[in-house]
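Note sheet for the following structure.
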Amino acid sequence: MSFLNLDHLQKSFGSTKVVHDFNLNVEKGEFVSFLGPSGCGKTTVLRMVAGFEEPSVGRILIDGQDVTRLRPNQRQIGMVFQAYALFPNLTVADNVGFGLKVAGVPRAERAGRVTEMLELIGLPEMGARFPWQLSGGQQQRVALARALAPRPRVLLLDEPLSALDAKIRVSLRNQIREIQQQLGITTIFVTHDQEEALSISDRIVVMHKGIADQTGTPRQIYNQPATDFVAGFVGTLNRFDAEVLDAPTGRLRVAGTEFALGRAVPSAVSLAARPEGLSLADDGIPAEVTGVEFLGSVQRLRMRVAGREIVLDRFNAPSAALPEPGEAVHISTQGSSWLVLPHGA
Amino acid sequence: MKRIWSWGAIVFGGLYFLLPLIGTVEFSLRMRRGEYSLDAYRSVLADPQFRATFSYSVVMALLTIVLGVLIVVPTAYWVRLRLPRLRPVIEFITLLPLVIPAIVVVFGYIRLYNTSSILPLTGTASGTNLLLLCGYATLALPYMYRAVDTGLSTLDVRSLTEAAQSLGAGWTRIIGSLILPNVLGAVMSGAFLSFAIVIGEFTMAALLNRPAFGPYMQLLGANRAYEPAALAVIAFAATWGCMGVMQLISRLAGVRKTAK
């Protein structure tokens with residue numbers, strides 16, 4: 001029995017169904033991200049766990065206890081919001097101590113816990129300030145401390161980094177992950193940013209139109225996408241028109257070049273590859289270079305293969321010459337990592 | 001050139017507001033023939049009726065503010081949080097007291113709560129006071145609601161509520177220790193208007209036959225020459241004084257600047 005169970009959750013608003021049959025088991029101390037475009041239902045699932053929305057169908061269990069009908073303030077869940085939602089009339093210390101005060105924790109014990117939390121987020125000097133005196137990143141750290149102070153059973157993060165600028169986003173996400181691992185708290189993190197999800201999660205649930213398309217580790221999601229949507233949403237994906245010549249041996253024809261994958265494929269497939277999974281060779285699939293971008297550590301080549309735009313990334317090597325736009329090159333059929341996706345999935 | 005026009009506007013506005021006041025003050029000092037004196041003021045202040053009616057109205061005004069806050073803050077909060085589509089309807093309802101004359105409201109009260117009705121509030125002094133209090137709260141509703149609603153619009157009501165709920169807080173605590181302190185500035189401006197309305201209100205108090213300041217002013221105005229002017233000046237000063245005290249208390253109670 002895992003720690004948090006989401007059992008056949010469904011949610012409709014009026015006649016629109018935003019979450020279809022969502023199932024997930026989260027282990028204690030696990031960090032799970034919900035990743036998907038806006039409107040995919042990820043926030044709705046999170047809000048059902050928090051108790052702000054009631055599932056139309058299904059059950060939510062925390063540590064074996066059915067909390068589906070409990071009110072949000074009875075669930076012992078910590079939540080961090082995109083908009084920080086710090087209480088403007090309270091100081092940072094009072095914000096962090098709010099949950100403890102509600103729970104009736106004595107003043108002295110509360111003060112100790114607040115100090116501890118402010119140290120945890122690296123803002124030990126800020127207790128007496130008001131939220132508006134802090135930067136966005138600091139406010140969000142305070143919001144995290146406030147959510148964690150009453151020792152919740154589950155921590156919910158609703159796009160906590162989206163309102164911050166890029167540099168702070170990266171440092172704060174690392175800090176969130178560190179604190180999460182230090183406390184061993186079961187966490188659900190909602191985001192539409194794949195890099196965020198890939199970098200800090202134990203597992204990712206990729207959601208699409210109210211359904212969990214794939215649940216897996218970041219490596220699984222990226223390297224073995226289960227559906228066309230997952231492949232396209234997570235990372236950049238190059239697609240090739242492939243004709244299956246022999247399904248059992250995986251013999252394909254792409255842009256006039258025949259080659260075998262050496263594994264069985266369905267009778268109709270769509271062939272794809274990540275930009276860094278492609279490599280150039282002396283022979284293979286013919287391509288025409290249309291553009292070259294030098295990004296420092298990476299060379300990005302834009303190419304055209306049988307009318308489709310393809311991107312190939314390779315590490316910079318000082319000795320290797322860059323191809324010129326207009327040059328004819330070949331994409332290696334053997335040295336590339338191909339993804340075979342079910343057709344039309 | 002532009003500056004001249006703006007100064008002109010300020011001077012015009014100043015004269016518009018100050019001239020009548022100056023005229024009243026000047027007139028109130030002319031009770032003794034041929035020289036300026038404070039005789040009219042002495043006469044007003046010596047009247048025990050003045051003190052009784054004025055303190056009655058001050059108490060009623062403060063109670064009106066409390067009642068108004070208790071009704072308006074939770075309502076405006078709930079409408080913003082859960083019933084945003086009802087907002088125009090609620091706003092319309094709160095504006096009704098501006099459209100319906102006080103005399104209509106008070107006749108309605110008298111018909112509904114007279115001594116032969118199920119709830120004979122007009123039968124006792126305290127019942128009538130309660131009725132008057134409700135009438136005052138109704139009159140103050142448009143100002144109170146607008147002020148509080150504007151105050152709420154500067155808050156992310158939904159996120160704050162959800163954050164508090166996830167931390168275990170119930171409704172009373174959310175409204176009492178989060179929403180109210182954050183709209184206290186707006187509540188105070190609504191309170192000032194309520195105070196000013198109640199202090200000078202005549203119709204309701206007169207028809208319910210309560211010893212309020214409005215009917216007293218009217219009575220004095222109908223019977224004396226110089227005292228009404230002195231009374232107006234005193235009432236003016238006292239009202240401003242009360243508002244100043246309220247402002248001070250709210251400052252001391254810790255209204256914090258919500259600088260953005």
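Below, chains carry the letters A, B, ... as their sequence lines are ordered, and counting in each starts from 1.
The pair A/R203-A/E27 does not count as a salt bridge, with every side-chain nitrogen at least 4.0 angstrom from each carboxylate oxygen.
Heavy atoms closer than 4.5 Å to chain B are found in both the backbone and the side chain of A/F87. Residue B/T161 does not touch chain A at all, counting heavy-atom pairs closer than 4.5 Å. Looking at A/R146, the atoms closer than 4.5 Å to chain B (heavy atoms on both sides) sit in the backbone and in the side chain alike. With a 4.5 angstrom heavy-atom cutoff, A/A83 touches chain B only via side-chain atoms. Contact annotation for A/L156: neither backbone nor side-chain heavy atoms come within less than 4.5 Å of a heavy atom of chain B.
Ring-plane geometry between B/Y216 and B/F50 is classed as tilted, the angle between the planes lying from 30 to 60 degrees on a 0 to 90 degree scale.
A cation-pi arrangement is absent between A/R173 and A/F189 under the rule of less than 6.0 angstrom and at most 45 degrees off the ring axis.
If you check the side chains of A/T68 and A/D66, you find a donor sitting under 3.5 Å from an acceptor.
The environment of NZ in A/K101 is sparse: at most 12 heavy-atom neighbours from other residues, nucleotides or ligands sit within 6.0 Å.
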